Amino acid sequence: VVESEMKSDLGNKAKNLIELSSIGFPVPNGFVFTEFILDEVKLKACLKEIGGFPLAVRSSGALEDLEGASFAGLYETFLSINSEDALIKAIKDCFESVHHPRVKDYFEQKGIDPSLAKMSVIVQKQIQSKISGVLFTVHPLEGREEEIYIECCEGLGERLVSGHVTPSLYKIHRDRDVIIDKMINDEKTELTERVLKELRLAAIGIQAHYGVPQD
């Protein structure tokens, strides 16, 4: 569900999630606000369509994930939203995060015109995950194209990306169901062979779609 037909108003994260969902990859249900205009009737209908709470509310900047300017961690994300009041506040705070001093400082450091900053906000059904992580279709440090690199932890992925937990690490072969190397963390977070195969095939398909390595 897209709040506006103007796809140009969508941030990069929202565009990519919509694109991946449209070609059959498993993306949690959601909808996107391109501006903060509240229609409570439509909001309730959208919430019902995606299965209600809990929700994740995620900023999607138009200049996000650029080459040489990722904007990682600068915009807001809110997890475990369980009421309409909390949802409305989270949406508003996401929109306002584009004006945060840390974002303005980042624009200055990268020499980007702040007037180009546009924000949309993604509302998604939150997956109550047993294990979460990040997958790189090509090893991000060593650049080995045959190696898919995975970091994972128990519970929600926010613990991993915020640096609050040491993840388990996997290197798996791109073309075969082979674990090249792994290091299991103190939580004993392990992925099964079936899950690793599913991740490998998804990684190959997503990289093939975009034509360049993905995370």
Side-chain angles (χ1 to χ4, degrees), residues 1-21 27-129 132 134 153 155-165 214-215:
V1 180
V2 181
E3 185 70 10
S4 168
E5 294 300 319
M6 299 298 292
K7 292 288 184 72
S8 61
D9 292 338
L10 298 175
N12 288 334
K13 186 185 285 106
K15 286 179 182 177
N16 285 328
L17 289 174
I18 291 169
E19 186 173 339
L20 289 171
S21 178
V27 176
N29 290 334
F31 52 94
V32 181
F33 283 88
T34 58
E35 55 184 335
F36 188 60
I37 298 177
L38 185 61
D39 180 334
E40 291 192 7
V41 174
K42 192 168 187 178
L43 180 62
K44 289 179 184 295
C46 289
L47 288 174
K48 183 177 180 180
E49 185 171 344
I50 69 171
F53 302 103
L55 301 170
V57 180
R58 313 173 65 195
S59 303
S60 179
L63 298 178
E64 209 169 8
D65 299 328
L66 302 178
E67 184 176 351
S70 70
F71 288 80
L74 293 181
Y75 299 136
E76 295 289 355
T77 294
F78 298 95
L79 303 177
S80 303
I81 301 296
N82 284 298
S83 72
E84 284 190 31
D85 287 344
L87 173 59
I88 292 168
K89 184 179 185 306
I91 294 169
K92 183 179 179 181
D93 289 346
C94 278
F95 274 113
E96 291 180 350
S97 69
V98 74
H99 303 299
H100 195 283
R102 66 173 178 258
V103 177
K104 292 182 179 180
D105 289 343
Y106 192 77
F107 271 94
E108 290 181 4
Q109 292 172 18
K110 297 296 182 179
I112 301 172
D113 183 356
S115 67
L116 298 175
K118 292 184 179 180
M119 177 67 70
S120 60
V121 175
I122 307 163
V123 179
Q124 281 183 287
K125 181 71 176 179
Q126 181 170 310
I127 303 301
Q128 300 300 93
S129 53
S132 302
V134 179
C153 69
L156 299 178
E158 183 70 12
R159 298 172 63 231
L160 188 156
V161 298
S162 62
H164 290 160
V165 64
Q214 300 291 308
D215 66 87

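Nothing fancy with the numbering, it's 1 onward along the sequence. Model, not experiment: these values are computed from the prediction.
Using a 4.5 Å heavy-atom threshold, the side chains of Phe78 and Leu55 count as separate. Residues Lys125 and Pro54 have side chains in contact (heavy-atom distance under 4.5 Å, counting atoms from C-beta outward). Side-chain contact check for Phe33 versus Leu43: some heavy-atom pair is nearer than 4.5 Å.
Among residues two or more places apart in sequence or in another chain, the side-chain hydrogen bond (donor to acceptor under 3.5 Å, both in side chains) test is passed with Gln126 by Ser80, Gln128. Applying the side-chain hydrogen bond (donor to acceptor under 3.5 Å, both in side chains) test to Gln214 and every residue at least two apart in sequence or in another chain returns nothing. With sequence neighbours excluded, the residues satisfying side-chain hydrogen bond (donor to acceptor under 3.5 Å, both in side chains) with Ser129 are Ser132. Partners of Val27 under the side-chain contact (heavy atoms from CB on, under 4.5 Å) rule, at least two apart in sequence or in another chain, are Leu17, Leu20, Ser21, Gln124. Under the side-chain contact (heavy atoms from CB on, under 4.5 Å) criterion, Ser97 pairs with Ser59, Tyr75, Glu76, Met119, not counting sequence neighbours. Legend: residues meeting salt bridge (Lys or Arg N to Asp or Glu O under 4.0 Å) with Glu96, ordered by chain and number and at least two apart, are absent.
Looking only at distances, no side-chain donor or acceptor of Ser60 sits under 3.5 Å from a matching main-chain atom of Ser120.
Within the model, atoms NZ of Lys15 and CD1 of Ile122 stand 12.0 Å from one another, a figure rounded to the nearest 0.5 Å.
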Distance-only donor-acceptor pairs under 3.5 Å for side chains of residues 85-92, two or more places apart:
| residue | atom | partner | partner atom | Å |
| --- | --- | --- | --- | --- |
| Lys89 | NZ | Asp93 | OD2 | 2.7 |

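Minimum heavy-atom separation, Phe53 to Ile81: CD2-O, 3.2 Å.
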